[in-house]
Amino acid sequence: MKKPFVQRDAFLPFSKPTIRQAEIDEVVDSLRSGWITTGPKAERFEKAFAEYTGFPEALALSSATAGLHIGLIALGVKPGDEVITTPMTWAATVNMIEACGGTPVFVDIHRDTCQMDERQVEAAVTGRTVGILPVHYAGAPCHVGALLEVARRHGLWLFEDAAHGVGTLYQGEHVGAFGRLGVFSFHPIKNMTTAEGGLLTLKEPELARALRAWRFHGLEKSAWNRYAEGGSPQVEVILPGFKYNFMDLQAALGIHQLASVDEFNARRRHLAALYDRLLAEVPEVERPGVPAYDHFHTWHLYVVKVLDSAGLARDAFMTELKARNVGTGIHFRAVHTQPYYARKYPQWLGKLPEAEWVSDRLFSLPLFPAMEDEDVAYVVDAFKDVLAHARG
Ligand SMILES: *Cc1c(COP(=O)(O)O)cnc(C)c1O
């Protein structure tokens with residue numbers, strides 16, 4: 001006899017940050033010190049992140065969206081420029097192309113991994129293309145090698161959206177600086193958090209200098225130093241910058257989160273492997289695929305697709321899981337189907353069949369370091385119960 005499904009009392013959220021005593025003490029230390037905005041801890045965090053990833057330059061920011069914005073500006077994106085990107089991302093990736101006056105050009109995804117389909121990128125290049133902005137989706141890397149080849153052949157830049165990718169490796173190297181720029185996010189649902197926060201990674205010191213000015217009111221530090229040495233409090237504005245700086249209060253969290261991220265990721269990998277094993281018994285949902293090339297997956301998301309054989313659609317499936325105290329999320333609705341993009345660029349609707357198929361069927365399961373193995377087993381039992389009821 002199959003044992004009956006017993007509903008849990010506590011709601012299992014889709015995501016939950018792990019904040020421990022070290023983070024709390026460090027934030028309190030910042031508050032007591034009187035230095036709460038950008039200062040020594042922000043610098044310490046940048047150095048630690050550069051060391052962790054192996055990149056020469058790391059610029060912490062108020063968000064990944066801010067990093068996308070000034071990154072695209074510093075790369076020179078202007079009205080009329082085309083940027084090749086993926087529809088399977090958070091809207092911020094595409095919104096920032098629009099914010100610079102650029103035109104997003106979508107290529108379809110691989111249905112199994114949801115990564116940008118590198119085989120379709122070259123055909124998307126036109127005389128107006130300036131760069132490629134892929135996403136390392138769900139904590140696995142996109143096919144960086146193939147994208148770099150296309151970029152080199154056509155003189156394009158590569159800017160990696162690595163919002164899901166702290167700890168992610170492609171052929172043994174950390175994602176984020178294969179091309180000219182990479183951007184990370186520390187939003188609470190990401191693999192490590194600073195409440196809100198982001199970070200740009202790069203190798204070129206000149207580009208880093210410009211980005212530091214774009215980040216903070218257009219101020220040039222070297223000019224500031226020049227005056228400071230002369231004893232004058234003058235600062236110089238060298239470009240019309242933004243205010244996207246990273247506070248020491250955020251860094252106080254980030255320093256300890258970064259020190260724990262390998263441990264967090266190891267736990268995510270364990271939970272994902274457990275989902276994979278248990279969901280093998282549920283043929284009505286498609287499990288996430290992983291790339292065939294050498295990589296290290298940090299499982300930011302565990303995304304399944306509800307197949308037609310389930311007998312109920314994705315949204316109904318999510319509602320039924322919620323009724324059984326299981327939280328889920330949609331990552332993502334294909335960006336070209338969002339009202340703004342569908343109105344402005346209707347030509348894409350129907351032209352990205354894999355992304356549209358996935359967009360209607362995918363959802364993300366609870367996955368965070370503090371989850372127990374029994375929580376994973378509960379989610380899979382809840383799946384089976386939902387399906388048993390759908391079959392009537
Ligand atoms: C979360 C996310 C962003 C935006 O990050 P913020 O730090 O919230 O601005 C950008 N791209 C992708 C793929 C994301 O998942």
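Computation of the quantities below employed the complete heavy-atom set of this structure, encompassing side-chain atoms and omitting hydrogens, waters and symmetry-equivalent molecules. Just so you know, these numbers come straight off a predicted model, no measurement behind them. Position 1 is the first residue of the sequence, and the numbers go up from there. Counting starts at 1 for both ligands and their atoms, in listed order.
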A.B. asks: Pairs under 3.5 Å, N/O atoms on ligand 1 and on the protein: can you put them in a table with the distances?
C.D. replies:
residue: ligand 1; atom: 5 (O); partner: Ser185; partner atom: OG; Å: 3.2
residue: ligand 1; atom: 7 (O); partner: Ala64; partner atom: N; Å: 2.9
residue: ligand 1; atom: 7 (O); partner: Ser185; partner atom: OG; Å: 2.7
residue: ligand 1; atom: 9 (O); partner: Ala64; partner atom: N; Å: 3.3
residue: ligand 1; atom: 9 (O); partner: Thr65; partner atom: N; Å: 2.8
residue: ligand 1; atom: 9 (O); partner: Thr65; partner atom: OG1; Å: 2.5
residue: ligand 1; atom: 11 (N); partner: Asp161; partner atom: OD1; Å: 3.4
residue: ligand 1; atom: 11 (N); partner: Asp161; partner atom: OD2; Å: 2.8
residue: ligand 1; atom: 15 (O); partner: His164; partner atom: NE2; Å: 2.7
residue: ligand 1; atom: 15 (O); partner: Lys190; partner atom: NZ; Å: 3.1

A.B. asks: Below 4.0 angstrom, N of the basic side chain to O of the carboxylate: do Asp81 and Lys78 qualify?
C.D. replies: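 Salt bridge: yes.
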
A.B. asks: Identify the two heavy atoms, one from His187 and one from Glu196, that lie closest to each other, and give their separation to 0.1 Å.
C.D. replies: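 It is CD2-OE1, 3.7 Å.
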
A.B. asks: State plainly whether the residues Arg20 and Glu263 are in salt-bridge range, i.e. N to O under 4.0 Å.
C.D. replies: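 Yes, charged N to carboxylate O under 4.0 Å.
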
A.B. asks: Test side-chain contact (heavy atoms from CB on, under 4.5 Å) on Phe184 and Leu200; report intermediate values, then the result.
C.D. replies: CA-CA 6 Å; Phe184 294 84; Leu200 280 166; over 6 Å; no

A.B. asks: With the threshold set at 4.0 Å, does a side-chain nitrogen-carboxylate oxygen contact exist between Arg212 and Glu57?
C.D. replies: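 A salt bridge links Arg212 with Glu57.
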
A.B. asks: Using modelled atom types only, decide if a donor and an acceptor are shared between the side chain of Gln250 and the backbone of Met247 within a distance under 3.5 Å.
C.D. replies: yes

